[in-house]
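The structure appears right after this line, and notes come after that.
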Amino acid sequence: MKLWKRNAVVAAIVLFVCAAVYLNWSYEQKEAGKVLGQATLVGSESTDPLLTGAAVTTSPSAAPSAAPTGSPAPSPTAQPTTDYFSSARLNRQEARDSALTLLQDAAANEDADETVRTQLAEAIETMANSTVSEAQIENLVTAKGYTDCVAFLSEDSASVVVSAVEGGLTEADVARIAEIVTDETGLPTSSIKVIEAE
């Protein structure tokens, strides 16, 4: 009976960890949509009398030389996109830290038997491997010439959010990024989502 209770505790902790990772991922997907909406608003013309004359509107294809001499070129999408990637990494790390603390506390429990501790150690190792894989994916994608990216791995899927490229992501871009994820994780291409943040 005692073993059943311990296994139930481990299962509950693993469920909470999975839920935290999923909620973090879904929150980041919603934030990506907000950043997309903000980038569109900043880059489009407005008829709002409060914004007319105060806002600088540029097209995404405008060259840096289009700015007046002596003033820096406006970059309406650079700041929100950079903020998105920084925020996504921070939120992902906070969720992982919280889950790791729960797992370590449960493993440190003196009442836990060896089987429970082994399961908790495996869960911690899986989390560490995911963290390393995400970092490697992000580094490899940026090495291919993309400005920034953030990867989210789960047990059977992966999502990679990539900074916007001129002309948008092509099928070749998506295939290149999916190949990096497949090589790193072994996941099939059908389980990989590549999302462009604008």
Side-chain angles (χ1 to χ4, degrees), residues 1-35 82-144 146-163 174-197:
M1 189 66 166
K2 219 176 189 185
L3 180 62
W4 180 85
K5 287 181 182 179
R6 288 181 184 150
N7 287 340
V9 168
V10 170
I13 290 173
V14 169
L15 181 66
F16 285 129
V17 169
C18 292
V21 170
Y22 173 76
L23 289 173
N24 184 43
W25 176 81
S26 66
Y27 173 75
E28 292 308 320
Q29 296 304 315
K30 289 178 185 175
E31 287 297 314
K34 290 180 183 177
V35 172
T82 302
D83 289 346
Y84 166 75
F85 289 109
S86 299
S87 173
R89 285 189 188 97
L90 180 63
N91 289 337
R92 181 183 66 191
Q93 188 59 42
E94 287 174 349
R96 285 248 169 85
D97 290 345
S98 175
L100 184 61
T101 301
L102 286 172
L103 290 172
Q104 289 173 336
D105 289 347
N109 186 353
E110 293 176 6
D111 294 335
D113 68 357
E114 195 60 35
T115 306
V116 172
R117 288 185 181 172
T118 302
Q119 291 173 340
L120 291 170
E122 289 172 0
I124 292 170
E125 183 178 349
T126 300
M127 190 180 299
N129 289 339
S130 292
T131 301
V132 170
S133 293
E134 287 170 345
Q136 288 176 340
I137 290 167
E138 292 167 4
N139 289 333
L140 291 171
V141 169
T142 55
K144 290 288 185 180
Y146 301 96
T147 306
D148 204 352
C149 83
V150 64
F152 300 97
L153 297 180
S154 68
E155 187 176 321
D156 57 354
S157 66
S159 296
V160 180
V161 181
V162 182
S163 60
V174 172
R176 185 179 304 125
I177 294 166
E179 180 182 6
I180 291 170
V181 176
T182 299
D183 290 346
E184 185 60 38
T185 63
L187 290 170
T189 317
S190 60
S191 299
I192 300 168
K193 289 183 185 177
V194 177
I195 303 162
E196 181 178 19

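In this text, all values refer to a predicted model and were calculated from it rather than measured experimentally.
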Inter-residue atom distance Ser86.OG - Leu90.CG, 0.5 Å rounding | 8.5 Å
Expected list for residues 99-109: side-chain donor-acceptor pairs under 3.5 angstrom, two or more places apart:
unit_1 : atom_1 : unit_2 : atom_2 : d
Thr101 : OG1    : Asp97  : O      : 2.8
Asn109 : OD1    : Asp111 : N      : 3.0

Salt bridge between Glu138 and Lys144, side-chain N to carboxylate O under 4.0 Å?
-> no
Taking every non-hydrogen atom, the tightest pair across Pro188 and Thr182 = C-OG1, 4.5 Å
Mind checking whether Thr185 and Leu153 have side chains closer than 4.5 Å, heavy atoms only?
-> yes
Residues that Thr131 engages under side-chain hydrogen bond (donor to acceptor under 3.5 Å, both in side chains), provided they are two or more places apart | Arg96
Mind checking the CD-CD spacing from Glu134 to Gln136? Nearest 0.5 Å is all I need.
-> 11.0 Å
Gap between atom CE of Met127 and atom CD of Glu122 - 0.5 Å precision | 13.5 Å
Sequence neighbours excluded, every pair satisfying salt bridge (Lys or Arg N to Asp or Glu O under 4.0 Å) that has a member inside residues 178-189 = none
Taking atom types as modelled, find out whether Arg89 and Tyr84 have a side-chain donor-acceptor pair closer than 3.5 angstrom.
-> no
Taking C-beta and beyond as the side chain, do Ile177 and Val162 meet within less than 4.5 Å on heavy atoms?
-> yes
Nearest heavy-atom neighbours spanning Phe85 and Ala197 = CZ-CB, 4.2 Å
Are the side chains of Tyr146 and Glu196 in touch, meaning some heavy atoms are under 4.5 Å apart?
-> no
Would you indicate whether the side-chain heavy atoms of Val181 and Ile192 approach each other to under 4.5 Å?
-> yes
Any luck finding a side-chain donor-acceptor pair between Ser157 and Ser154 under 3.5 Å?
-> yes
